[in-house]
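Read the structure below first, then the notes.
Numbers here simply count residues along the sequence, with the first being 1.
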Amino acid sequence: MRHLPHAAALAALMSTSATASPPQAAQAPATNPLLSPWTGPYGGVPPWDKVKPELFPAAFAAALAERRAEYERIANDPAKPSFANTFVPMQNAGQTLNRVMTLFGVMTGNMNSPAYQALDREWSPKLAKASDEITFNPKLFARIEAIYKARDTSGLDAQQKRLVTRTYDSFVRQGAKLTPAQKAELSAFNQNLAINFSEFSQRLLADEGTAIIVTDEARLAGLPDSVKAVAKAAAAERGQHGWAIVNTRSAVDPVLTFATDRALREQVWRAFTKRGDNGDINDTKATIARIVRLRASRAHLLGFKTHADWRMQDTMAKIPAAAMDLMMRVWPAAKARVAEEVRDMQAIADKEGAKITIEPWDYRFYQEKVRKSRYDLDQAELKPYFELNNIIQGSLYAANRLYGLEFKEITGTVPVFEPNMRVWHVTRNGKEVGLFYRDDFARTGKRSGAWANTYRGQRNLPPVQTVLSSNNNNFAKGAPGEPVLISLDDAETLFHEFGHAIHAMLQNVTYPGLAGTPRDFVEYPSQVNEHWLLTRDVLDKYARHYKTGQPMPQALLDKIEASKTFNQGFATTEYLSSAIVDMKLHTIPDGVVDPAAFEAATLREIGMPGQLVMRHRLPQFNHLFSSDSYSAGYYSYLWSETMDADTFAAFEEAGSPWDKATADRFARILLSTGNETDRAEAYRAFRGRDPDVNALLKQRGFPTK
């Protein structure tokens, strides 16, 4: 299960850092290339070659003015409110701003700089205020409400009725029925939150930019050569001699897994888990406290008991209790498995005469020893079979075989923002789907992790649009001429993020307002897609040894399959602890909290094992505090995985992971329909029933009763 941000959640993420220089003078709107419709082939492509930070102030101002005028025309239309004169133009409003925001969001996530950081701090509250102006427009809402009240008698079809209902509910949920004074108060909350989101992101990014410098190579004993090469390059980039272990997960995890120097493991672990929590200029705890309090105040103003109650109105779970019920169904089994894992690790440490007690910085190191002892499986043994280009081709092969998507690489023929990016033209049944972009390598200024973006979403409502989708990773680029070898976990991440892209590419909706899915559905298609990585067909064709060209031996795959539920205590507990703390934090009615004390108390309450920490401690929990997107929603990975496990079981029941009838039904009912129907109803239409949590428990090797 990947615990990674998704494009829809982070399209407007504006990463920042501690220092910034002001942008240059803005370019006049008449000549500003950011304001022009995207031109060129494939329905138009983003002008990445023309994007500069100094262009954004004028572009934001002009695009906001254009959108404001568009909504004013809708609100002041003298004709009787109808779907045609209100909802259709609303679906078409703000397209220039959408393009500008896409460019800005992608650049701040992938090519950050002090100039972009300054723009973020200036414009994020302005953009929040402009969004509120639309929601709070009484004439506009009166038209929406009139159409909503007549939805059953005005001849609307099912999709139109759903769009009207969802739009009305969203406006109410965002404060459209408040008094003018309350609207002003709510807008102030939203603007203050935008400022604090920017501040949190800025401080965390600064801490993730730090590194531990190692000058004695002997301290790196046990690390694969590929990991040492990445650390060497990171040091050179910083003008340092030796090796730099950057304070990001992709750099830290290999050290915690392979380094035999226990003191180095502890040093690296402490730096990583203390991001945002060092009492210095980059400490995030006061920012978090403000965010949680503002969220609670906003929820009260909107008539909800807690932020979680407000956020979960438009989810599959609906209420915090439903999410907590699922999490607490799994938590005891995960904790019990951790105790077993620790006993196994401690036994090996004792046998080796290490004279230690397993600590968090030992977990990954000794779990590898247990894996090797129990399954004769060494993670380093797998890497030669996971050459990046081959695994990319394997992901495209699976998407073609399952869903009929055809990919033709066109790298070099359309603009990109980074020279190592690759691009494919995508078709299906001879019809153009759009483009797929890959930005795979880590670099300074790019936020950590892996995620998907949709530069442009599909729509059938004129103007018809094709898809522009992207995947973004932080793989370590090899030396010139050397292959890029990735781990099994990285390969699963690649398939996961590509699952988001498949979801975008198969979408077939009329109204863009029915494209986005609930937070606890978003990760479902991507988690399902992970299953095809280890199918024999993909492995035989694409998981070939980078030197010999031989496919992965069946004996090695058997070891992987035998170890599939290995270490699930650790993986589940570090994730679930984060999700439980998130939910409990956002069900505090008044939102008054000391983040450090709350985190510690909650972990004691649920009995967090002392040998590991949350996957995301609060001071660095980017999902929660860089935007509202995953707040009271980190549980969604588990909710989605319940459907994911049950979905792959449908393929297994059909006799093959490649069963075409099941794949067609999955694509037709769930992947192509956006939010045109209730997602729980759609799942029942696909599976014939609600998802079975036992499939999830079985997948993780936990007791099902």
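Results of the salt bridge (Lys or Arg N to Asp or Glu O under 4.0 Å) test with R295 over D590, D309, D628 single out D628 as the only residue that passes. A side-chain hydrogen bond (donor to acceptor under 3.5 Å, both in side chains) with D362 holds for exactly one of Q346, R262, Q611; it is R262.
Put simply, the side chain of E599 gets close to the backbone of L618: a donor and an acceptor are under 3.5 Å apart. Using modelled atom types, one side-chain atom of T284 and one backbone atom of P619 make a donor-acceptor pair closer than 3.5 Å. The main-chain N or O of R173 is found under 3.5 Å from a side-chain atom of W310 such that the two form a donor-acceptor pair. A distance-only check finds a donor-acceptor pair linking the side chain of K559 to the backbone of D376 [under 3.5 Å]. Checked by atom type and distance alone, the side chain of T315 never pairs as donor or acceptor with a backbone atom of R519 at under 3.5 Å. In this structure, the side chain of T287 does not engage the main chain of F200 through any donor-acceptor pair within 3.5 Å. No donor-acceptor pair under 3.5 Å is formed between the side chain of N471 and the backbone N or O of A501. Side-chain atoms of R343 never come within 3.5 Å of backbone atoms of V338 as a donor-acceptor pair (strictly under, hydrogens ignored). One N or O on the side chain of R203 and one on the backbone of D283 form a donor-acceptor pair closer than 3.5 Å. The backbone N or O of S627 lies less than 3.5 Å from no partner atom in the side chain of S631, so there is not a single donor-acceptor pair.
For the residue pair D582 / Y635, no side-chain donor-acceptor distance below 3.5 Å is found, with atom types taken as modelled. If you check the side chains of Y637 and Q527, you find no donor sitting under 3.5 Å from an acceptor. Donor-acceptor pairing under 3.5 Å is lacking for the side chains of T572 and R337. Side-chain contact, Y524 with T517: no donor N or O sits under 3.5 Å from an acceptor N or O.
Because its NZ or CZ atom is not both nearer than 6.0 Å to the ring centre of F189 and within 45° of the ring axis, R298 does not count as a cation-pi partner of that residue. Taking the centre and axis of the six-membered ring of F272, the NZ or CZ atom of R275 falls inside the cone set by 45° and 6.0 Å. With a 6.0 Å cutoff to the six-membered ring centre and a 45° limit on the axis angle, R371 does not count as a cation-pi contact of F566.
The two residues Y385 and I391 come nearest to each other via the heavy atoms O-CD1, 4.3 Å. When all heavy atoms are compared, the tightest approach of A543 to F386 is CB-CE2, 4.5 Å. Nearest heavy-atom pair across A322 and W639 is O-CZ3, 3.9 Å. The shortest heavy-atom contact between I356 and A349 is CG1-CB, 4.1 Å. Considering every non-hydrogen atom in both T662 and A654, the closest pair reads OG1-CB, 3.6 Å. When all heavy atoms are compared, the tightest approach of R311 to A632 is CB-CB, 4.3 Å.
Inter-residue side-chain proximity for V613 and L603 is flagged as unmet; no heavy-atom pair is nearer than 4.5 Å. Counting heavy atoms from C-beta outward, D344 and R374 have side chains that approach closer than 4.5 Å. Contact of the S170 side chain with the D314 side chain is not registered, since no non-hydrogen atoms from C-beta on lie closer than 4.5 Å. Taking the side chain as every heavy atom from C-beta outward, Q554 and R536 approach each other to under 4.5 Å. The side-chain heavy atoms of T673 and I669, taken from C-beta on, include no pair separated by under 4.5 Å. L670 is not listed as a side-chain neighbour of M643, based on a closest heavy-atom distance of 4.5 Å or more. Residues T573 and M608 have side chains in contact (heavy-atom distance under 4.5 Å, counting atoms from C-beta outward). A heavy-atom distance below 4.5 Å is found between the side chains of R249 and R615.
Note that CG of L193 is 9.5 Å distant from OG of S297, once rounded to the nearest 0.5 Å. Rounded to the nearest 0.5 angstrom, I486 CD1 and E492 CD are separated by 10.0 Å.
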**OP:** Tell me, with the steps shown, if D644 and H531 meet side-chain hydrogen bond (donor to acceptor under 3.5 Å, both in side chains).
**Re:** CA-CA 9 Å; D644 142 42; H531 290 278; 2.6 Å; yes

**OP:** Applying side-chain contact (heavy atoms from CB on, under 4.5 Å), run through L671 and Y403 and close with a yes or a no.
**Re:** CA-CA 10 Å; L671 296 183; Y403 310 116; 4.0 Å; yes

Original post:
How far apart are the C-alpha atoms of R364 and E368, what are their side-chain angles, what is the distance that settles it, and do they pass the salt bridge (charged side-chain N to carboxylate O under 4.0 Å, His left out) test?
Top reply: CA-CA 6 Å; R364 286 179 173 83; E368 284 307 304; over 6 Å; no

**OP:** Would you please test W331 and I580 for side-chain contact (heavy atoms from CB on, under 4.5 Å) and show each step?
**Re:** CA-CA 9 Å; W331 178 252; I580 292 168; 4.0 Å; yes

Subject >> Derivation of the salt bridge (charged side-chain N to carboxylate O under 4.0 Å, His left out) call for R679 and D520 >> reply: CA-CA 10 Å; R679 294 295 82 190; D520 43 14; over 6 Å; no

**OP:** Applying side-chain hydrogen bond (donor to acceptor under 3.5 Å, both in side chains), run through T602 and R604 and close with a yes or a no.
**Re:** CA-CA 5 Å; T602 304; R604 284 195 302 271; over 6 Å; no

Original post:
So E359 and R265, salt bridge (charged side-chain N to carboxylate O under 4.0 Å, His left out) or not? Walk me through it.
Top reply: CA-CA 10 Å; E359 298 284 358; R265 294 202 307 269; over 6 Å; no

Subject >> Evaluation steps, salt bridge (charged side-chain N to carboxylate O under 4.0 Å, His left out), between D169 and R166 >> reply: CA-CA 5 Å; D169 288 346; R166 286 187 55 77; over 6 Å; no

Original post:
How far apart are the C-alpha atoms of L402 and W658, what are their side-chain angles, what is the distance that settles it, and do they pass the side-chain contact (heavy atoms from CB on, under 4.5 Å) test?
Top reply: CA-CA 6 Å; L402 286 166; W658 305 103; 3.9 Å; yes

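Using the six-membered ring where Trp is involved, Y634 and F621 have ring planes that are perpendicular, over 60° apart on the 30 and 60° scheme.
Within 6.0 Å of NZ in K372 there are more than 12 heavy atoms belonging to other residues, nucleotides or ligands.
Checked against salt bridge (charged side-chain N to carboxylate O under 4.0 Å, His left out), K369 has the following partners two or more places apart in sequence or in another chain: E352.
In this structure, W532 has its ring center under 6.0 Å from that of F648.
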